[in-house]
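As the structure lists them, so they are numbered: ligands from 1, and atoms in each ligand from 1. Position 1 is the first residue of the sequence; numbering continues from there. Nothing here was measured: the structure is a model prediction, and the numbers come from that model.
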Amino acid sequence: MSTSQSFIMSVSLAGTGHAVPEKSFPNTDFEKTLDTSDAWIVQRTGIRERRFAEIHETTSSYAARAAKKALDASGLTPEQIGMVVVATTTPDMRIPATANIVQNELGLVNAYSYDIVAACSGFVFAMVAANAHIRSGLTSSALVIASDLYSSILDFEDRNTAVLFGDGAGAAVLAKQEKSEWAPDGRPSGVVAVSLNTDATRWDNLTCLGGGTAGRKTLSSAQPGFVRMDGRDVFKQAVQACEARIRDVLDASGCKPEHIACLIPHQANIRIIEKVAQNVGYPLERMAINLDRYGNMAAASIPVALDEAVRNGRVGPGDLILLVAAGAGFSSAAMLLRV
Ligand code: UT7
């Protein structure tokens with residue numbers, strides 16, 4: 001079962017931002033240490049390079065940089081932000097939430113903050129939560145951030161996972177929009193429809209035991225918990241789940257694929273993106289794709305692609321965009337919104 005809903009729009013996308021590490025690592029770097037090749041990685045995934053943070057850098061430091069850019073773009077002051085939510089599966093520490101650290105760093109003195117754990121679907125789950133908080137009247141604006149440094153949980157001796165991921169952060173500001181601010185055609189910008197789903201029977205196809213109670217007896221400091229994945233199963237699940245979530249929001253909104261100016265999918269594998277495009281009848285050239293440059297940045301992939309699309313003018317005011325993600329849990333999420 002999925003949960004989908006159509007809204008009378010009044011929660012708008014007020015600003016976006018992103019931050020990625022400076023240092024880029026091409027596929028050929030892995031040829032030195034793993035039984036792999038640039039040709040295999042490009043052909044099977046579409047990834048050419050990824051960025052990894054320095055060891056002294058943290059998830060919150062990237063989150064704060066992305067969030068600051070989104071806040072600046074929104075024109076809101078730090079005092080006007082009422083909620084901060086960080087989607088991450090690589091938090092700075094177990095306690096407190098990474099969102100608390102970001103809130104303090106940016107001086108968001110009137111906000112409450114917490115983290116969301118929904119792996120690669122985390123940003124869309126966080127956007128749905130912020131939308132609901134704003135619509136319920138709990139707050140009138142929210143900073144929604146996704147930041148993941150998977151370099152901190154990668155086993156660089158495992159070719160099945162090491163070549164796939166990269167580090168980065170993206171952010172968006174959602175804000176309540178009064179009816180008087182709606183476009184002259186009477187159509188508000190903002191969230192149109194959402195769909196969330198978790199097939200928890202597949203929770204074990206993508207895991208990281210590090211830092212959790214389940215690994216206490218088996219993990220040692222010599223064998224810290226790394227990401228482990230049944231790639232083929234995750235691949236199949238991701239295609240099916242993304243397709244289902246896209247169909248949900250199209251059905252809920254009455255929109256058709258041709259109405260969507262840009263589809264922004266999670267960036268795990270170009271072959272997943274191609275299959276989803278084909279299955280829902282959406283042109284690949286209208287999809288935002290950045291995995292060739294960044295690899296899979298987990299929750300951060302979508303907001304980074306969103307910010308790039310906004311800043312390079314690929315999407316603009318009035319455009320309908322669709323965010324769709326799938327990942328560990330097995331979770332999937334979609335959000336249709338008008339910029
Ligand atoms: O963000 C959500 C989480 N992640 C994903 O959504 C990723 C989903 N899965 C995938 O993208 C793909 O399944 C992978 C990229 C992980 C793997 O691609 P695949 O085409 O499904 O390969 P496979 O798992 O079927 O493996 C084919 C062969 C295997 O060798 P054998 O058993 O046939 O001898 C693998 O060991 O490719 C081998 N292989 C590699 N070879 C060279 C796996 N990784 C590599 C590698 N370089 N890096």
For [atom], decide whether some protein heavy-atom distance is shorter than 4.0 Å.
| atom | result |
| --- | --- |
| atom 31 (P) of ligand 1 | no |
| atom 28 (C) of ligand 1 | no |
| atom 36 (O) of ligand 1 | yes |
| atom 44 (N) of ligand 1 | yes |

Just which atoms of ligand 1 are under 4.0 Å from any heavy atom in [X]?
| X | result |
| --- | --- |
| G231 | 8 (C), 9 (N), 13 (O) |
| V234 | 3 (C), 4 (N), 5 (C), 6 (O), 8 (C) |
| R44 | 20 (O) |
| N269 | 10 (C), 11 (O), 12 (C), 15 (C) |
| C120 | 1 (O), 2 (C) |
| L206 | 3 (C) |

Which residue supplies the protein heavy atom nearest to [atom], what is that atom called, and how far is it?
| atom | value |
| --- | --- |
| atom 34 (O) of ligand 1 | R159 NH2, 4.7 Å |
| atom 4 (N) of ligand 1 | M229 SD, 3.5 Å |
| atom 16 (C) of ligand 1 | L164 CD1, 3.8 Å |
| atom 39 (N) of ligand 1 | W40 CZ2, 3.4 Å |

Practice item. Kindly indicate, with the supporting measurements, whether the criterion side-chain hydrogen bond (donor to acceptor under 3.5 Å, both in side chains) is fulfilled by T28 and D38. Key: CA-CA 6 Å; T28 45; D38 175 49; over 6 Å; no
Check your understanding: Would a 4.5 Å heavy-atom cut-off, applied to side chains only, mark T45 and N296 as touching?
Key -> no
Practice item. Could you tell me whether the side chain of V163 reaches within less than 4.5 Å of the side chain of N27, counting heavy atoms only? Key: no
Revision key, fill the gap. The side chain to side chain donor-acceptor pair (under 3.5 Å) partner of T88 among T98, D148, D115 is D148
Is there a polar contact, in the sense of an N or O pair closer than 3.5 Å, between [X] and ligand 1?
| X | result |
| --- | --- |
| T45 | no |
| A238 | no |
| T36 | yes |

Point to revise | Under 3.5 Å side-chain donor-acceptor pair for R245 and S332 | key: yes
Within the distance-only criterion (no hydrogens, no angle test), does the side chain of [X] pair as donor or acceptor with the backbone N or O of [Y] below 3.5 angstrom?
| X | Y | value |
| --- | --- | --- |
| R338 | G318 | yes |
| D319 | A261 | no |
| S12 | A14 | no |
| T198 | G329 | no |

Hey, is [X] one of the residues with a heavy atom under 4.0 angstrom from ligand 1?
| X | result |
| --- | --- |
| L34 | no |
| I272 | yes |
| Q267 | no |

Study note, to complete from the structure: Contact region, F235 to ligand 1, non-hydrogen atoms below 4.0 Å, reads both
Exercise for review: Could you check Y150, Y62, F156 and say which one makes a ring-ring contact (aromatic ring centres under 6.0 Å, His included) with F52?
Suggested key: F156
Revision key, fill the gap. OG (S60) and CD (E105) are apart, to the nearest 0.5 Å, by 6.5 Å
**Study point:** Spatial distance of atom CG (L322) from atom CG (L320) [nearest 0.5 Å]
**Key:** 8.5 Å
Practice item. Look at E57 together with K23 and state whether they make a salt bridge at an N to O cut-off of under 4.0 Å. Key: no
Check your understanding: So between R271, R232, M297, whose heavy atom ends up nearest atom 18 (O) of ligand 1?
Key -> R271
